[in-house]
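As structure tokens, the structure follows; a few thoughts come after it.
Predicted model, so just to flag it, every value in this text is computed and none were measured.
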2 protein chains.
Amino acid sequence: MSALLERLRGRGWRVTSQRRVVAEVLEGDHVHLTADEVHARAVQRLPEISRATVYNTLGELVSLGEVIEVSTDGRAKRYDPNAHHPHQHLVCSRCGTIRDVRPTGDPLADLPAQERFGFTVSEVEVTYRGLCPSCA
Amino acid sequence: MSALLERLRGRGWRVTSQRRVVAEVLEGDHVHLTADEVHARAVQRLPEISRATVYNTLGELVSLGEVIEVSTDGRAKRYDPNAHHPHQHLVCSRCGTIRDVRPTGDPLADLPAQERFGFTVSEVEVTYRGLCPSCA
DNA sequence: TTCTTGACCTGGACTATGTCCATTGTAGGA
DNA sequence: TCCTACAATGGACATAGTCCAGGTCAAGAA
């Protein structure tokens with residue numbers, strides 16, 4: 001069983017075949033699948049898994065901080081399992097390919113106090129856009 | 001007639017009462033309405049305006065570079081008329097309030113060449129998140 | 001191993017957001 | 001004023017996501 005499932009079981013998560021399959025589908029680097037893509041791949045391994053279960057499981061993984069929800073295009077949300085290494089995203093404007101990237105410096109530091117309007121700012125999300133090598 | 005409508009007419013845009021109303025609804029600073037909100041306000045001034053027309057007009061304004069499309073929450077897209085002054089967004093994680101902000105420095109410069117994976121990077125979009133004064 | 005139970009899964013209805021298209025209307029030029 | 005190409009309408013359709021009543025099963029207890 002994967003380290004992820006072990007961690008979740010340790011936190012009282014009941015490990016079912018459905019949850020295992022969703023976790024397996026999300027393994028890897030630069031993985032940014034939509035819920036429907038996750039469902040399509042999960043169905044290959046477990047034909048009777050339902051869409052609702054995939055949505056529920058993804059939502060739980062997000063709440064537990066194991067997966068990050070990304071919406072780079074205003075269409076379907078995407079799920080990024082690379083949650084334990086802070087990073088930003090680089091998106092191809094033409095084909096939609098997404099890469100995880102690590103900018104230098106702390107983007108939070110670039111927002112001066114007088115531009116914070118009294119907010120308590122705690123997170124920054126950066127999306128770089130351009131053309132990937134294949135599309136350029 | 002507003003400067004915006006003059007500009008658009010000069011570019012061959014036919015000015016109709018529907019388009020005028022949509023443009024008027026979008027006037028102001030820190031305006032970030034969803035398409036349905038724009039429609040709701042437009043209906044107050046022009047009761048028979050249709051949803052399709054509001055979507056079409058917003059899409060045209062975006063293509064013409066007069067309005068920016070923002071999706072800060074993965075739900076409905078929002079339309080920001082502040083298109084001629086580069087800026088980023090600060091969002092309250094609880095109530096969703098959005099402010100336009102101007103960070104210092106050039107966020108593009110923070111992505112080193114070896115983190116660009118051969119992409120031609122041309123744009124950056126930054127979303128700061130936190131709690132607004134009322135929600136904190 | 002079997003039992004028990006509450007958490008989990010399912011399928012389908014439902015909501016929200018956005019797109020498409022055939023028909024009708026009209027802005028702006030001749 | 002009249003014409004016509006462009007725009008608006010409204011309803012069907014598409015996509016993404018949520019909710020729920022009822023059936024199922026993982027994991028601890030004995």
Task: Under the ring-ring contact (aromatic ring centres under 6.0 Å, His included) test, residues paired with A:His89 that sit two or more places apart - done: A:His32, A:His87
TODO: Can you sort out the partners of A:Glu125 under side-chain hydrogen bond (donor to acceptor under 3.5 Å, both in side chains), two or more places apart, ordered by chain and number?
DONE: B:Arg129
Who are the salt bridge (Lys or Arg N to Asp or Glu O under 4.0 Å) partners of [X], not counting sequence neighbours?
{"X": "A:Arg75", "answer": "none"}
{"X": "B:Arg94", "answer": "none"}
{"X": "A:Arg78", "answer": "A:Glu37"}

Pairs of donor and acceptor atoms involving the side chains of residues 64-72 of chain A, under 3.5 Å and at least two apart or interchain, shall be tabulated with distances.
unit_1: A:Glu66; atom_1: OE1; unit_2: A:Arg7; atom_2: NH2; d: 2.7
unit_1: A:Glu66; atom_1: OE1; unit_2: A:His84; atom_2: NE2; d: 3.0
unit_1: A:Glu66; atom_1: OE2; unit_2: A:Arg7; atom_2: NE; d: 3.0
unit_1: A:Glu66; atom_1: OE2; unit_2: A:Arg11; atom_2: NH2; d: 3.3
unit_1: A:Glu69; atom_1: OE2; unit_2: A:Tyr79; atom_2: OH; d: 3.4

Task: Any residue of residues 76-83 of chain B with a heavy atom less than 4.0 Å from an atom of DNA chain C - done: B:Ala76, B:Lys77
Open item on the list: Under 4.0 Å, heavy atom to any atom of DNA chain C: which of residues 47-71 of chain A qualify?
Closed with: A:Glu48, A:Ile49, A:Ser50, A:Ala52, A:Thr53
For the pair made of [atom1] in [X] and [atom2] in [N], what is the distance, rounded to whole Å?
{"X": "A:Leu46", "N": "D:dT24", "atom1": "CG", "atom2": "P", "answer": "16 Å"}
{"X": "B:Asp36", "N": "C:dG18", "atom1": "CG", "atom2": "P", "answer": "7 Å"}
{"X": "A:Arg75", "N": "D:dA14", "atom1": "CZ", "atom2": "P", "answer": "14 Å"}
{"X": "A:Gln18", "N": "C:dA7", "atom1": "CD", "atom2": "P", "answer": "17 Å"}
{"X": "B:Asp73", "N": "D:dG17", "atom1": "CG", "atom2": "C1'", "answer": "13 Å"}

Task: side-chain contact (heavy atoms from CB on, under 4.5 Å) between B:Leu5 and B:Trp13, worked out - done: CA-CA 9 Å; B:Leu5 290 173; B:Trp13 215 51; 4.1 Å; yes
Open item on the list: Just so I know, are the side chains of B:Phe117 and A:Cys132 near enough to count as touching, which here means a heavy-atom distance under 4.5 Å?
Closed with: no
- [ ] Taking the side chain as every heavy atom from C-beta outward, state whether A:Leu58 and A:Leu26 have any atom pair closer than 4.5 Å.
- [x] yes
Open item on the list: Taking side-chain hydrogen bond (donor to acceptor under 3.5 Å, both in side chains) as the cut-off, I'd like each qualifying pair that reaches into residues 47-64 of chain A, sequence neighbours left out, listed once.
Closed with: A:Arg19-A:Glu60, A:Ser50-A:Thr53
TODO: Note the angle between the end axes of the helix from C:dT1-D:dA30 to C:dA30-D:dT1, five pairs defining each, rounded to 10 degrees.
DONE: 30°
Open item on the list: Quick test of your reading: applying salt bridge (charged side-chain N to carboxylate O under 4.0 Å, His left out), list the pairs with at least one residue in residues 111-124 of chain B, sequence neighbours left out, ordered by first then second residue.
Closed with: none
Shorter than 3.5 Å, N or O on both sides, protein versus nucleotides 27-30 of chain C: list them out with atom names.
unit_1: C:dA27; atom_1: O3'; unit_2: B:Val15; atom_2: O; d: 3.4
unit_1: C:dG28; atom_1: OP1; unit_2: B:Arg9; atom_2: NH1; d: 3.1
unit_1: C:dG28; atom_1: OP1; unit_2: B:Val15; atom_2: N; d: 3.2

